Amino acid sequence: MAALKVTFLGPAASFSHQAAVETFGDSYELIPSVSFADAITAVENGTSDYAIVPFENSSNGAVVQTLDLLVDRNGNYSDVTVCSEYYLTVHHCLLARKGLIPEGQEDYSTITKLHTHPQAWGQCNKFLTKHFKGIERQDVSSTSKAAETVSKATNEVNAAIASRFAGEYYGLEILAENIEDNTNNTTRFLVLRNKNSEKTAHFPPEPVKETPIPQQPVAVPKTKKTLISFMVPHDTVGALANALLIFKDFGMNLTSISTRPSQIQAWKYVFLVECETSQEKDIVPNLMDSLTKVTENCKHLGTWDNQLVPT
């Protein structure tokens, strides 16, 4: 039997690739995708069994590209549903080709150029201020691209800021670990599948390793998360409040509300509501029936086991 295919947001050695490896392991065929749309399209048309995409970051908030695809204004992804989530703590390392700097040495004066994604400069500001004042910085499209670039450089001493995963993937030496300012910077990924596929009906598999969120030594009740999108009529007073009260009536705890432009009418929005419940009974069908009566374009985007353990 052929291995199930998982599409992740590329390139290789990206944080999405790392999340895919830690979620699915070696028994799945992992395929990089150049865009969010390509990843979700692969699930819709059946060329991939799963896709894993970033949904939000604890420091930077929601990933709007993923939100827009889930809103699905043109009905291109009607068979795609969310089936799981994964939390990946983002750690940055200073990487270089092996043998350029003695192991454990904190004198990086021989390094002439640094490469990384523009966002990583700000995330590692304290470390860079201490060790790399005045050193040339080269922006690249991703931290994994930075690692790849440094692995191929031969005419000068370059270094990259990227993950340990990227460093190991490209055979680089880790000069310093956890150089980010915020050690709790975490990205949440969503796992998508085609709801009509029998092959993916029994997801999730056992995770490769535990989610890196700190865990309590006491038992925590299992909960499920549900994601729903809808619009409300602008000519009805209290329309949004009426919709949100339905979640309360069904015992659903709202954990986040996001909005995206509907592109149907200026200043009209699509609401994406994520909620959780500890109820074992599937109440989503009845919840959706009630929501449909007070909203427009109401869609159930998926229900899955909550992987976030309270601290």
Side-chain angles (χ1 to χ4, degrees), residues 4-10 14-25 28 30-45 48-73 76-90 185-197 200-213 223-230 252 254-260 270-277 284 299-309:
L4 294 179
K5 297 179 179 180
V6 179
T7 297
F8 63 88
L9 188 65
S14 63
F15 285 111
S16 293
H17 188 185
Q18 181 179 348
V21 169
E22 294 181 4
T23 301
F24 292 94
Y28 292 76
L30 304 182
I31 305 168
S33 179
V34 297
S35 71
F36 289 84
D38 285 350
I40 195 171
T41 297
V43 172
E44 174 69 22
N45 62 27
S48 185
D49 299 295
Y50 299 101
I52 185 165
V53 293
F55 182 62
E56 64 176 337
N57 178 268
S58 60
S59 299
N60 300 317
V63 179
V64 295
Q65 296 96 323
T66 299
L67 292 181
D68 284 338
L69 289 169
L70 291 173
V71 167
D72 191 21
R73 300 178 182 90
N76 295 323
Y77 314 115
S78 58
D79 293 333
V80 174
T81 187
V82 182
C83 63
S84 189
E85 64 183 5
Y86 185 74
Y87 291 85
L88 178 71
T89 304
V90 177
N185 185 21
T186 301
T187 296
R188 176 161 66 126
F189 292 82
L190 295 184
V191 179
L192 311 175
R193 73 174 187 90
N194 190 306
K195 60 187 178 185
N196 296 322
S197 171
T200 63
H202 303 292
F203 189 90
E206 288 297 317
V208 176
K209 73 173 194 178
E210 292 183 357
T211 180
I213 300 298
T223 61
K224 286 187 175 293
K225 289 183 179 178
T226 293
L227 186 63
I228 294 171
S229 68
F230 60 82
M252 302 292 273
L254 300 187
T255 54
S256 71
I257 303 176
S258 303
T259 60
R260 297 301 299 150
V270 179
F271 295 90
L272 293 102
V273 175
E274 186 180 67
C275 50
E276 67 176 331
T277 180
V284 172
K299 300 177 185 176
H300 173 219
L301 302 176
T303 297
W304 63 94
D305 291 334
N306 181 11
Q307 299 298 324
L308 179 62
V309 178

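Just so it is clear, the model here is predicted, and its values are computed rather than measured.
- Under 3.5 Å, the side chains of T226 and T303 contain a donor-acceptor pair of N or O atoms.
- Across all their heavy atoms, A39 and A51 have their closest contact at O-CB, 3.6 Å.
- Contact check on R193 versus D49 returns no salt bridge, with no Lys/Arg side-chain nitrogen under 4.0 Å from an Asp/Glu carboxylate oxygen.
- In this structure, a donor-acceptor pair under 3.5 Å is absent between the side chains of Q307 and Y86.
- For the 3.5 Å distance criterion, the side chains of D38 and S33 fail to qualify, holding no donor opposite an acceptor.
- Considering CG of L190 and CD1 of I52, their distance stands at 8.5 Å, rounded to 0.5 Å.
- Residue Y50 comes nearest to V191 through the heavy atom pair CD2-CG1, 4.0 Å, listed as atom of the first residue, atom of the second, then distance.
- A pairwise comparison of heavy atoms in Y28 and F24 identifies CD1-O, 3.2 Å as the closest pair.
- The two residues E44 and S78 come nearest to each other via the heavy atoms OE1-N, 3.5 Å.
- No donor-acceptor contact under 3.5 angstrom links the side chains of E276 and T255, judged on distance only.
- The CD1 atom of I40 sits 10.5 Å away from atom CG of N194, with the distance rounded to the nearest 0.5 Å.
- In summary, the aromatic rings of F189 and F55 are positioned with their centroids too far apart to meet the 6.0 Å limit.
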Inset, instruction - For the pair F36 and V63, evaluate side-chain contact (heavy atoms from CB on, under 4.5 Å) and give the outcome as yes or no after the intermediate values. - result: CA-CA 10 Å; F36 289 84; V63 179; 3.8 Å; yes
Inset, instruction - Show your reasoning for whether salt bridge (Lys or Arg N to Asp or Glu O under 4.0 Å) applies to E274 and R188. - result: CA-CA 13 Å; E274 186 180 67; R188 176 161 66 126; 2.9 Å; yes
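- For the pair D68 and R73, the salt-bridge criterion is met [side-chain N within less than 4.0 Å of a carboxylate O].
- To the nearest 0.5 Å, atoms OG1 (T81) and CG (L301) are separated by 7.5 Å.
- Contact record, A37 with L69: N-CD1, 3.7 Å, taken as the closest heavy-atom pair.
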Inset, instruction - Test side-chain contact (heavy atoms from CB on, under 4.5 Å) on L227 and L70 and set out the steps. - result: CA-CA 10 Å; L227 186 63; L70 291 173; 3.9 Å; yes
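- Heavy-atom neighbours of K299 NZ from other residues, nucleotides or ligands within 6.0 Å: above the threshold of 12.
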